[in-house]
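Both counts, for ligands and for their atoms, begin at 1 and track the order of listing. Only heavy atoms go into these numbers, but all of them, side chains included; no hydrogens, no water, no symmetry mates.
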Amino acid sequence: MNGITIALSKGRIFDETLPLLAAAGIVPVENPETSRKLIIGTNRPDVRVVIVRATDVPTYVQYGAADLGVAGKDVLIEHGGEGLYQPLDLNIAKCRMMVAVPEGFDYERAVRQGNRLKVASKYIKTAREHFAAKGVHVDLIKLYGSMELAPLAGLADAIVDLVSTGGTLKANKLVAVEDIMGISSRLVVNQAALKLKRETLTPILDAFAKAVKKD
Ligand code: ATP
Ligand code: MG
């Protein structure tokens, strides 16, 4: 494949990447929200977009099925980043990785007493590293979605999840008790593609870098 394939997930990452693509002169011809197509052409015959699950973006780029992609720091930490060059923080899809517990659960006290905590999360690696650094003993329970339910249903004492407005936590009577890290999405590039397709990729990476909004 001589052209360029870009892996994106639909929803906020696709939407927030559109202006950056436009700055590089790339305009997808369809919207994945309304089209069922998983391969979307662009105004440029040599550039196409593949629509994959957010957690699958690093995998497509790692194996070279996509030359570049956009993935959240949350997803990149769990993936490990092998085979990926991460040249740019795009400062989009921003939120925070936090520990949350049910209202009324005395988290500080549980930690002070050295209690073993049951923690449910989609982000096992992030959670493991966070609690290990604090010296808190945890049993980690891997989930794939709706983490907020876990403490309510009695599956876990706490969750590690992404928070933006806090609305979902509040609606489920949970409170954030620890801020683990800020999250934004990064550009990821296949390391071999960067060498083999440098002439095509460099102008795109440069245009992205210039269009990134600083805060
Ligand atoms: P799905 O919702 O289909 O299960 P997902 O949760 O992995 O998949 P998105 O919700 O589109 O996919 O999230 C994609 C990325 O956007 C996440 O990896 C994260 O970096 C970021 N993100 C997630 N939730 C928020 C949020 N509430 N506000 C801002 N950015 C977020
Ligand atoms: Mg989601």
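Heavy atoms of Lys122 found under 4.0 angstrom from ligand 1 belong exclusively to the side chain. Only the backbone of Lys94 comes within contact range of ligand 1, with a heavy atom under 4.0 Å; no side-chain atom does.
Looking at Leu162, Asp74, Leu76, Val163, it is Asp74 that brings a heavy atom closest to atom 18 (O) of ligand 1. Counting heavy atoms only, Arg12 comes closest to atom 28 (N) of ligand 1 of the residues Arg96, Arg186, Arg12, Lys73. Residue nearest to atom 12 (O) of ligand 1, selected from Cys95, Ser164, Ala54: Ala54 (by heavy-atom distance).
Residue Gln113 qualifies as enclosed at atom CD: its count of foreign heavy atoms under 6.0 Å is above 12.
In terms of polar-atom proximity, Tyr123 is not counted as a contact of ligand 1, lacking any N or O under 3.5 Å from an N or O of the ligand. The shortest N or O to N or O distance between Ser185 and ligand 1 is not below 3.5 Å.
What you find for Ile13 and Ser9 is that their closest heavy atoms are CB-OG, 3.5 Å.
For ligand 1, the atoms lying closer than 4.0 Å to a non-hydrogen atom of Ile183 are 20 (O). Set against the non-hydrogen atoms of Gly72, the atoms of ligand 1 under 4.0 Å away are 20 (O). Residue contact check: Val75 has heavy atoms under 4.0 Å from atoms 18 (O) of ligand 1.
For atom 2 (O) of ligand 1, no protein non-hydrogen atom is found at a distance below 4.0 Å.
No donor-acceptor contact under 3.5 angstrom links the side chains of Glu16 and Ser185, judged on distance only. Side-chain contact annotation: Asp89 with Ser184, donor-acceptor N/O pair under 3.5 Å present.
For atom 15 (C) of ligand 1, the closest non-hydrogen atom on the protein side is Ile13 CD1, 3.9 Å. Distance from atom 30 (N) of ligand 1 to its nearest protein heavy atom, with residue and atom name: Ala93 O, 3.2 Å. In this structure, the protein non-hydrogen atom closest to atom 8 (O) of ligand 1 is Arg53 NH2, 4.0 Å.
For the pair Lys122 and Asp161, the salt-bridge criterion is not met [side-chain N within less than 4.0 Å of a carboxylate O]. Salt-bridge check for Asp179 with Arg96: passed, with a basic side-chain N closer than 4.0 Å to an acidic carboxylate O.
A donor-acceptor pair under 3.5 Å is absent between the side-chain atoms of Asp74 and the main chain of Met97, judged by distance alone.
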Given the rule in the side-chain contact (heavy atoms from CB on, under 4.5 Å) test, do Val188 and Val70 qualify, once you have shown the distances and angles that lead to the verdict? CA-CA 6 Å; Val188 291; Val70 175; over 6 Å; no
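Note that Lys142 lies in the cation-pi zone of Tyr144, set by a 6.0 Å cut-off to the ring centre and a 45° limit from the axis.
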